[in-house]
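Just so it is clear, the values below take in all heavy atoms, side chains as well, and ignore hydrogens, waters and symmetry mates. Being a predicted model, the structure only gives us computed values, none of them experimental. Nothing fancy with the numbering, it's 1 onward along the sequence.
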Amino acid sequence: LGAGLGELTGYFAGLGGNAILPQTVWVRRLEGFIRKQGFLTVFTLAAIPNPAFDLGGMLAGMCRMSVWHFLIACILGKTLRFILVGLGCIGFWNQLVG
């Protein structure tokens, strides 16, 4: 929950128009994904460890995605990621100990 709430800073930066992003092909492509499938895009970006999530959060704000949709997608994606990382660590620990 805390990780999802922490991502609201990027969202609000984009919502306020304070985010200045370079207009590269990747930024335009990500913006298109957020405009078409915002919830699924934010969920996917939150579920996989990557530095592009901050960019996605700013773009979600700039595209005026609903803050609740953003927050729920972000929390669900990060929860999935943390569960998978935790399970991976348990498996690794069992290999070390066992």
S.K.: Quick one: do Val27 and Phe33 end up in the same hydrophobic cluster if we chain Ile, Leu, Val, Met, Phe, Trp and Tyr together by side-chain heavy atoms under 4.5 Å apart?
M.R.: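 Not linked; separate clusters.
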S.K.: Just distance, no hydrogens or angles: give the donor-acceptor pairs under 3.5 Å from side chains in residues 5-14, sequence neighbours left out.
M.R.:
{"residue": "Thr9", "atom": "OG1", "partner": "Gly6", "partner atom": "O", "Å": "3.1"}
{"residue": "Tyr11", "atom": "OH", "partner": "Met65", "partner atom": "O", "Å": "2.3"}
{"residue": "Tyr11", "atom": "OH", "partner": "Val67", "partner atom": "N", "Å": "3.3"}

S.K.: Should side-chain heavy atoms under 4.5 Å link Ile, Leu, Val, Met, Phe, Trp and Tyr, which residues sit in the same cluster as Val25?
M.R.: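 Trp26, which link up through side-chain heavy atoms under 4.5 Å apart, make up the rest of the cluster.
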S.K.: Is the count of non-hydrogen atoms from other residues, nucleotides or ligands lying under 6.0 Å from Gln95 atom CD greater than 12?
M.R.: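 No, CD of Gln95 has 12 or fewer neighbouring heavy atoms, counting only those of other groups under 6.0 Å.
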S.K.: For residues 46-70, pull every pair meeting side chain to side chain donor-acceptor pair (under 3.5 Å), keeping only residues two or more places apart or in separate chains.
M.R.: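 Not a single pair qualifies under side chain to side chain donor-acceptor pair (under 3.5 Å).
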S.K.: Please tabulate, for side-chain N and O atoms in residues 72-87, each donor-acceptor pair with protein atoms closer than 3.5 Å (sequence neighbours left out).
M.R.:
{"residue": "Thr79", "atom": "OG1", "partner": "Ile75", "partner atom": "O", "Å": "2.7"}

S.K.: What's the separation between atom CG in Leu45 and atom CG in Leu30, rounded to the nearest 0.5 Å?
M.R.: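 Between atom CG of Leu45 and atom CG of Leu30 there are 5.5 Å.
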S.K.: Tell me the salt bridge (Lys or Arg N to Asp or Glu O under 4.0 Å) pairs involving residues 35-47, sequence neighbours left out?
M.R.: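 Found Glu31-Arg35.
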S.K.: Tell me the salt bridge (Lys or Arg N to Asp or Glu O under 4.0 Å) pairs involving residues 86-98, sequence neighbours left out?
M.R.: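 Every pair satisfying salt bridge (Lys or Arg N to Asp or Glu O under 4.0 Å) with a residue in residues 86-98: there are none.
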S.K.: As an exercise, state the distance from CD1 of Ile34 to CZ of Phe39, rounded to the nearest 0.5 Å.
M.R.: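 Ile34 atom CD1 to Phe39 atom CZ measures 13.5 Å (nearest 0.5 Å).
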S.K.: Which heavy atom in Ala60 sits nearest to a heavy atom in Phe70, and how many Å separate them?
M.R.: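 Answer, listing the atom of Ala60 first, then Phe70: CB-CD1, 3.8 Å.
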